[in-house]
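The next block holds one structure in the form of structure tokens; read it before the comments.
Read the numbers this way: they start at 1 and go in the same order the structure lists the ligands and their atoms.
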Amino acid sequence: MGKALDGVKILDFTHVQSGPTCTQLLAWFGADVIKVEKAGEGDVTRQQLRDIDGVDSLYFTMLNHNKRSITLDTKSAQGKEVLVALIRHCDVLVENFAPGALDRMGFSWERINEINPRMIVASVKGFGPGPYEDCKVYENVAQCAGGAASTTGFDDGPPLVTGAQIGDSGTGLHLALGIVTALFQREKTGEGQRVLAAMQDAVLNLCRVKLRDQQRLDRRGVMEEYPQFPDKEFGEAVPRAGNASGGGQPGWILKCKGWQHDPNAYIYFITQAPVWDKICKVIGEESWITDPSYATPKARLPHLKTIFSRIEEWTKTKDKFEAMDILNGYDIPCGPILSMKELAEEPSLRATGTVVEVDHPKRGKYLTVGNPIKLSKSPTDVERSPLLGEHTEEVLSQLGYSGDQIAALRESKVI
Ligand code: CAO
């Protein structure tokens with residue numbers, strides 16, 4: 001069966017995490033992704049956080065599946081010639097270099113557009129135009145600058161970053177959408193364009209509900225579903241909300257049986273209004289169904305701490321999966337806190353290809369997260385990441401280079 005992006009050729013100039021997540025998705029949808037790496041070194045993540053000496057790290061392998069790798073010194077005159085050939089050959093150039101690096105290499109948007117007017121040039125940068133546009137940015141900087149850190153954590157603690165890589169992988173996702181949209185527009189116009197996803201913008205987009213809350217706070221000075229209500233004063237900015245739900249149905253993380261020794265024996269419990277009666281019955285607090293202090297969502301807001309601590313008395317008597325089974329029986333929304341170990345071992349995630357075992361010639365078998373986006377007519381087969389420069393000769397031959405020319409490039413360390 002063909003793949004959705006069959007025939008689309010990507011010049012993948014990405015490194016570290018944000019850009020590679022984007023091009024990996026495009027590869028999973030069928031694009032031919034040619035990863036261009038510094039001769040002799042490659043993507044810096046090949047060597048970072050290694051668990052096996054001399055073998056590409058999981059950091060690298062898990063972000064670069066289904067790609068081809070070529071090595072190229074794009075700062076040398078001969079390397080630039082190869083790059084020009086690649087720009088002619090490909091549909092999209094994706095990069096996440098520090099601001100200005102591509103220009104310094106001699107490949108400004110104007111130059112690329114001149115070489116291949118159909119080419120889409122897609123970039124991840126830390127910030128969009130403005131005071132910080134020249135800054136280098138990593139994941140946690142984006143989380144801090146995009147509003148995630150100031151709104152994550154508990155009221156009495158410092159700002160917190162989250163383990164979800166919303167700055168890197170989140171921005172990669174945004175960029176991938178921008179690229180396929182630009183490809184779609186190119187079908188009609190025949191022209192390429194630039195696509196920019198700034199990490200600050202992507203994080204802020206994912207923190208959209210917090211900008212909602214800022215304006216609610218500005219208007220009313222209080223937000224009743226936040227844990228600060230009703231006992232504490234609100235300041236000028238959206239405070240950290242602990243584990244409160246970001247939506248209109250109050251929720252919290254509650255202890256389950258075994259919490260004393262298992263750091264993940266917890267469940268997220270949502271007191272969804274339509275199932276309030278059922279919640280009261282399950283926890284044995286039936287009087288709350290009609291008690292005016294508890295009967296309506298609005299009446300409950302000042303009592304959320306009391307409510308959740310009462311529910312926790314119940315959840316502490318069940319393990320998280322048992323609680324989940326019982327609550328699901330009543331359509332009460334809830335979710336167990338799953339550890340990475342549990343996720344790695346979960347059979348249903350293996351069955352859907354969300355967690356995949358991949359074989360690598362140097363490291364052997366390892367687990368990865370497969371394509372989380374499932375297309376019914378373009379299924380994803382996860383293939384191992386390429387070794388450094390594994391496809392250099394293959395790609396150069398495709399570009400029309402002869403064996404002698406390739407040998408000469410190798411001799412002069414351009415590839
Ligand atoms: N041949 C020769 N030179 C190459 C090359 C190649 N194949 N590929 C890259 N280079 C050069 C670049 O041209 C650049 O050279 P100059 O600095 O002389 O212009 C140099 O390698 C280093 O590139 P860089 O500045 O992007 O890399 P860095 O390690 O210093 O910074 C990062 C890394 C991520 C902070 C920076 O790239 C960045 O801010 N990127 C944008 C935001 C981003 O994506 N951040 C997320 C990263 S994932 O956590």
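The two residues Cys207 and Gly147 come nearest to each other via the heavy atoms SG-C, 3.9 Å.
When Gln165, Gln17, His15 are ranked by how near their heavy atoms come to atom 27 (O) of ligand 1, first place goes to His15. Comparing Leu72, Val16, Val414, Thr45 against atom 7 (N) of ligand 1, the shortest heavy-atom distance belongs to Leu72. Among Lys38, Arg104, Lys75, the residue whose heavy atom lies nearest to atom 14 (C) of ligand 1 is Lys75. The heavy atom nearest to atom 8 (N) of ligand 1, considering only Phe97, Phe127, Tyr138, is found in Phe97. The residue from Glu41, Met105, Lys125 that puts a heavy atom closest to atom 13 (O) of ligand 1 is Met105.
Judged purely by distance below 3.5 Å, without hydrogens or angles, the side chains of Asn66 and Gln24 never pair a donor atom with an acceptor atom. For the residue pair Asp43 and Thr45, a side-chain donor N or O sits within less than 3.5 Å of a side-chain acceptor on the partner. Of the N and O atoms on the side chains of Asn64 and Ser385, not one donor lies less than 3.5 Å from an acceptor on the other residue. Between the side chains of Gln17 and Gln165, at least one donor-acceptor pair of N or O atoms lies under 3.5 Å.
Within the listing of ligand 1, atoms 1 (N), 2 (C) sit less than 4.0 angstrom from a heavy atom of Asp73. Atoms of ligand 1 found under 4.0 Å from any heavy atom of Ser18, numbered from 1 in the order shown, are 43 (C), 44 (O), 46 (C), 48 (S). Near Val124, the atoms of ligand 1 lying under 4.0 angstrom from a non-hydrogen atom of the residue are 41 (C), 44 (O). Numbered from 1 in the order shown, with element, the atoms of ligand 1 that lie under 4.0 Å from a heavy atom of Asp168 read 46 (C), 47 (C), 48 (S), 49 (O).
From the protein, the heavy atom lying nearest to atom 40 (N) of ligand 1 is Asn96 O, 2.9 Å. Atom 28 (P) of ligand 1 has as its closest protein heavy atom Lys136 NZ, 3.7 Å. Considering only non-hydrogen protein atoms, atom 6 (C) of ligand 1 sits nearest to Thr74 OG1, 3.2 Å. Protein heavy atom at the shortest distance from atom 26 (O) of ligand 1 is Ala98 N, 2.7 Å. When hydrogens are left out, the protein atom nearest atom 45 (N) of ligand 1 is Val137 O, 2.7 Å; that is the closest non-hydrogen contact.
Atom NZ of Lys35 and atom CG of Leu388 lie 10.0 Å apart (nearest 0.5 Å).
Both cation-pi conditions hold for Arg46 and Phe60: the charged atom is under 6.0 angstrom from the six-membered ring centre and inside a 45 degree cone around its axis.
The salt bridge (Lys or Arg N to Asp or Glu O under 4.0 Å) test with Asp32 singles out one residue from Arg68, Lys9, Lys3, Lys67, and that residue is Arg68.
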**Request:** Would you sort out whether Leu102 and Ser108 count as a side-chain contact (heavy atoms from CB on, under 4.5 Å), showing the intermediate values?
**Result:** CA-CA 6 Å; Leu102 205 56; Ser108 62; over 6 Å; no
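The side chain of Met199, and not its backbone, has at least one atom closer than 4.0 Å to an atom of ligand 1 (non-hydrogen atoms only; side chain from C-beta on).
In this structure a side-chain-to-backbone donor-acceptor pair under 3.5 Å is missing from Glu133 to Phe127.
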